[in-house]
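In this chain, residues are counted from 1 in sequence order.
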Amino acid sequence: MADEWKRYLAQQMELGGSEIILNGAVVGPHGRAGSLIEAEIEAKAKASPHHRAGPPLKRTEIVAPSPGGEPRWKRGAPPIPGPGLAVETPEHHLLGDDLASLNTLDEVAERIRTTHCCALCPSRTNAVPGEGNPNARLMLVGEGPGATEDATGRPFVGQAGSLLDGILEAIEMPRTSVYITNVVKCRPPGNRKPLPDEVSACIPYLYRQLELIRPKVILALGGTAGENLLRVRKSLGELRGKVHTLNGIPLVVTYHPAALLRNPNWKKPTWDDVRIVRQLLDR
């Protein structure tokens, strides 16, 4: 139990800010650790590449749950917000594609790997179709592969991927239980935002993946993913804080993990968003 609680505290510090308060006592890089667990959490925070000296970014109140109590991620979780946009994906014949004939995720992945559908394909090292549980209740969709993803052919690896793994573990949805993919399956040069014609050529693959998986909830990681899934042009701030639907499936938009590495202040709102997703999965 001590090791489990220690891991939980570490996740909360990483997701919620640079300082936490455990049962009323400050724990973390700017507080005094009063136990072995707290000391180890403090050492982890100081070793983090995102630790910075000076005033804490944010304090997060944590009360140790009693054994058999409600899930730890649920404590202080925001309520499920009201409805947002309701969107339906276009029919395959309207998109001019024949992907409806592909009956498995492996068949979709093979088509992605062996087809050049837009200007991004010739320069790729590897296409990145996506990976995960074909029966996933939760599907995560990002913008597009980065350099590490292009080199490995896997989505969300490297530093941003490790942070995403930690977020998923914190809501008791390990990476092996979800499906992770992107709007475009090949890396845009310099990690730039994909162009409209690139998205138009590639997004039918995503639509087919959604049809095959039939997740209970979709989490869009970043404004580009949210805009293209919902087929609108709105800021991330406008898309967050609502439960949209795509083909009747609840869809929540949050920050991309790479953005959290650039600005740790976005970790707390992201933590709130993913806990909304977790509550939707339990409904």
Side-chain angles (χ1 to χ4, degrees), residues 4-23 26-31 41-42 44-45 48-52 55-65 69-82 84 137-142 156 159-175 177-178 180 217-223 225-226 236-244 250-283:
E4 181 183 356
W5 178 236
K6 184 165 54 181
R7 285 193 299 272
Y8 175 70
L9 287 177
Q11 288 167 342
Q12 294 300 308
M13 183 173 292
E14 179 66 17
L15 295 171
S18 66
E19 185 168 280
I20 62 176
I21 303 171
L22 173 61
N23 291 340
V26 176
V27 180
H30 305 296
I41 296 302
E42 181 173 333
K44 175 181 174 67
S48 168
H50 310 300
H51 172 71
R52 58 174 98 174
L57 292 173
K58 190 173 184 66
R59 287 189 173 189
T60 301
E61 183 79 26
I62 298 177
V63 179
E70 65 182 354
R72 288 166 178 156
W73 60 263
K74 199 169 184 179
R75 290 183 172 255
I80 296 174
R137 294 193 302 141
L138 174 60
M139 185 170 181
L140 294 89
V141 181
F156 286 90
Q159 198 172 7
S162 294
L163 178 55
L164 180 60
D165 290 349
I167 292 170
L168 292 171
E169 290 285 349
I171 60 167
E172 301 176 2
M173 293 294 298
R175 186 181 179 112
S177 71
V178 306
I180 306 176
V217 181
I218 302 165
L219 177 61
L221 300 168
L236 180 60
E238 292 174 296
L239 294 176
R240 283 191 63 248
K242 302 178 182 69
V243 178
H244 311 282
L251 185 154
V252 174
V253 183
T254 193
Y255 293 94
H256 193 285
L260 307 185
L261 298 175
R262 296 191 299 268
N263 188 340
N265 287 318
W266 290 335
K267 290 181 180 180
K268 180 58 171 64
T270 300
W271 180 228
D272 287 340
D273 293 338
V274 297
R275 290 191 291 173
I276 290 168
V277 166
R278 189 64 178 82
Q279 292 175 78
L280 290 169
L281 288 167
D282 285 347
R283 283 211 302 198

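Residues satisfying the side-chain hydrogen bond (donor to acceptor under 3.5 Å, both in side chains) test with Glu238, not counting sequence neighbours, are Ser235. Residues that satisfy the salt bridge (charged side-chain N to carboxylate O under 4.0 Å, His left out) test with Arg240, not counting sequence neighbours, are Asp273. The salt bridge (charged side-chain N to carboxylate O under 4.0 Å, His left out) search around Asp272 returns Lys268, Arg275, not counting sequence neighbours. Evaluation of the side chain to side chain contact (heavy atoms under 4.5 Å, CB included) rule for Leu280 yields Ile80, Val217, Val243, Pro250, Val252, Ile276, Arg283 as partners, not counting sequence neighbours. Contacts of Ser162 classified as side chain to side chain contact (heavy atoms under 4.5 Å, CB included), with partners at least two apart in sequence or in another chain: none.
One N or O on the side chain of Arg137 and one on the backbone of Leu281 form a donor-acceptor pair closer than 3.5 Å. No donor-acceptor pair closer than 3.5 Å links the side chain of His244 to the backbone N or O of Val253.
Within the 4.5 Å cutoff, no side-chain heavy atoms of Leu140 are placed close to those of Phe156. At a threshold of 4.5 Å between non-hydrogen side-chain atoms, the residues Thr254 and Val277 do not count as touching. A 4.5 Å side-chain heavy-atom check between His256 and Trp266 finds every atom pair outside the cut-off.
Shown here for Ala170 and Trp73, the closest heavy-atom pair between the two residues is O-CB, 3.4 Å. Pairing each heavy atom of Ala160 with each of Pro257, the nearest pair is O-CB, 3.5 Å. When all heavy atoms of Trp271 and Ile167 are compared, the closest pair comes out as CZ3-O, 4.5 Å. Scanning both residues, Ala77 and Gln279, for their nearest heavy atoms gives CB-NE2, 3.8 Å. The shortest heavy-atom contact between Ile180 and Val178 is CG1-CG2, 3.8 Å. For the residue pair Arg175 and Gly161, the shortest heavy atom distance occurs at NH1-O, 4.4 Å.
Atom CG of Leu138 is separated from atom CD1 of Ile218 by 9.5 Å, given to the nearest 0.5 angstrom. Here the CD atom belonging to Gln159 is positioned 8.5 Å from the CG atom belonging to Leu163, to the nearest 0.5 angstrom.
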